[in-house]
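Each residue takes its place number in the sequence, starting with 1. Worth saying up front: this structure is predicted, and the values here are computed from it rather than measured.
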Amino acid sequence: YAFTHVLVISPNYATDGTLLVKFNLGFAVSTNYGVSWVQRAQNVDSLAFAPDGSLFASASTGADENYACMYSPDLGLTWNVRGLAWRGNYLEISPGFATDHTMFMFYDMLYRSTDGGYTWMDITRDLPTAVRNLVFQPQFDYTQPSRRNIFITSGWVKNNIYLFRS
């Protein structure tokens with residue numbers, strides 16, 4: 001059986017009707033508001049739409065816990081590898097991606113790319129534990145210092161959940 005993990009909604013859903021469902025055996029795509037679904041064979045760890053509707057994913061390379069940032073121009077029929085991050089299971093894309101090209105990959109470590117996923121910088125620094133979630137401030141724009149806050153939650157440490165703001 002397949003277990004649904006994540007529902008991803010196209011930023012253009014009102015006009016394109018595109019939904020993605022990530023499950024333990026891969027993911028499925030609907031381009032008709034969820035009426036029908038097509039399964040994609042690619043097993044990915046995380047899926048994310050850029051604001052312009054471009055599809056990105058993180059997926060294990062099978063080598064030394066490296067994860068690839070992948071780009072698909074056709075809703076997952078084909079993929080192009082952009083760059084690698086160690087233990088970057090999850091992927092989040094900046095709401096201002098069209099201008100700032102910023103993305104984050106995370107799990108045990110936290111990585112940032114400001115070139116659309118081609119290169120990655122480890123920005124884990126002083127986090128006491130693994131990154132488990134990342135959310136952008138409203139109107140996030142990495143090019144504007146006052147608008148580049150991200151919020152991160154980490155795993156349980158001594159019965160506490162830690163919340164960090166950049």
Side-chain angles (χ1 to χ4, degrees), residues 1-62 67-85 87-107 110-118 120 130-144 147-155 161 163 165-166:
Y1 296 104
F3 299 98
T4 300
H5 294 286
V6 176
L7 172 65
V8 182
I9 301 171
S10 165
N12 304 312
Y13 176 78
T15 56
D16 68 17
T18 301
L19 300 166
L20 306 175
V21 173
K22 162 66 178 105
F23 50 93
N24 60 328
L25 301 175
F27 71 100
V29 177
S30 172
T31 56
N32 59 7
Y33 303 93
V35 174
S36 61
W37 296 86
V38 176
Q39 185 174 346
R40 298 287 193 246
Q42 181 70 36
N43 191 8
V44 298
D45 288 278
S46 181
L47 293 163
F49 279 110
D52 68 358
S54 303
L55 180 60
F56 289 86
S58 67
S60 174
T61 64
Y67 282 77
C69 172
M70 303 183 339
Y71 166 75
S72 176
D74 52 16
L75 294 175
L77 288 173
T78 60
W79 292 95
N80 300 307
V81 173
R82 291 239 171 143
L84 300 175
R87 297 287 307 223
N89 302 50
Y90 299 103
L91 176 71
E92 291 290 341
I93 297 174
S94 161
F97 184 79
T99 56
D100 66 26
H101 311 289
T102 301
M103 312 168 81
F104 292 88
M105 287 178 74
F106 59 94
Y107 185 67
L110 177 61
Y111 297 91
R112 180 183 63 225
S113 172
T114 56
D115 63 4
Y118 291 101
W120 295 89
V131 175
R132 293 297 181 244
N133 198 8
L134 183 147
V135 178
F136 295 92
Q137 82 172 60
Q139 296 85 38
F140 178 91
D141 183 348
Y142 192 76
T143 64
Q144 302 295 317
R147 295 176 49 194
R148 66 167 70 154
N149 288 316
I150 58 171
F151 296 85
I152 298 166
T153 60
S154 61
I161 294 176
L163 173 66
R165 181 180 65 94
S166 64

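The minimum heavy-atom distance linking Phe97 with Thr102 is given by the pair CD1-O, 3.6 Å. Contact record, Trp120 with Leu84: CD1-O, 3.5 Å, taken as the closest heavy-atom pair.
Contact of the Thr114 side chain with the His101 side chain is not registered, since no non-hydrogen atoms from C-beta on lie closer than 4.5 Å.
With sequence neighbours left out, the side-chain contact (heavy atoms from CB on, under 4.5 Å) criterion links Val38 to Arg40. Residues meeting the side-chain contact (heavy atoms from CB on, under 4.5 Å) test with Phe49, sequence neighbours left out: Val8, Ser10, Pro11, Thr18, Leu20, Leu55, Leu75.
In terms of modelled atom types and a separation under 3.5 Å, the side chain of Ser58 and the main chain of Asn89 share a donor-acceptor contact. Panel note: side chain Asp74, backbone Thr78; a donor-acceptor pair is recorded below 3.5 Å. Between the side chain of Ser46 and the main chain of Leu91, a donor-acceptor pair closer than 3.5 Å is present.
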* To do: Show your working on side-chain contact (heavy atoms from CB on, under 4.5 Å) between Phe56 and Cys69 and close with a plain yes or no.
  => CA-CA 7 Å; Phe56 289 86; Cys69 172; 4.2 Å; yes

* Could you walk me through whether Phe23 and Gln39 pass the side-chain contact (heavy atoms from CB on, under 4.5 Å) check? -> CA-CA 10 Å; Phe23 50 93; Gln39 185 174 346; 3.9 Å; yes

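Note that CE of Met70 is 12.0 Å distant from CZ of Arg82, once rounded to the nearest 0.5 Å. Atom CH2 of residue Trp37 and atom CG of residue Asn32 lie 9.0 Å apart, to the nearest 0.5 angstrom. Going from atom OG of Ser113 over to atom CD1 of Ile93 covers 10.0 Å, rounded to the nearest 0.5 Å. Residue Ile9 holds its CD1 atom at 11.0 Å from CG of Asp16, rounded to the nearest 0.5 Å. Atom CG of Leu19 sits about 13.0 Å away from atom CZ of Phe27, to the nearest 0.5 Å.
Aromatic pair Phe104/Tyr90: ring centres not closer than 6.0 Å.
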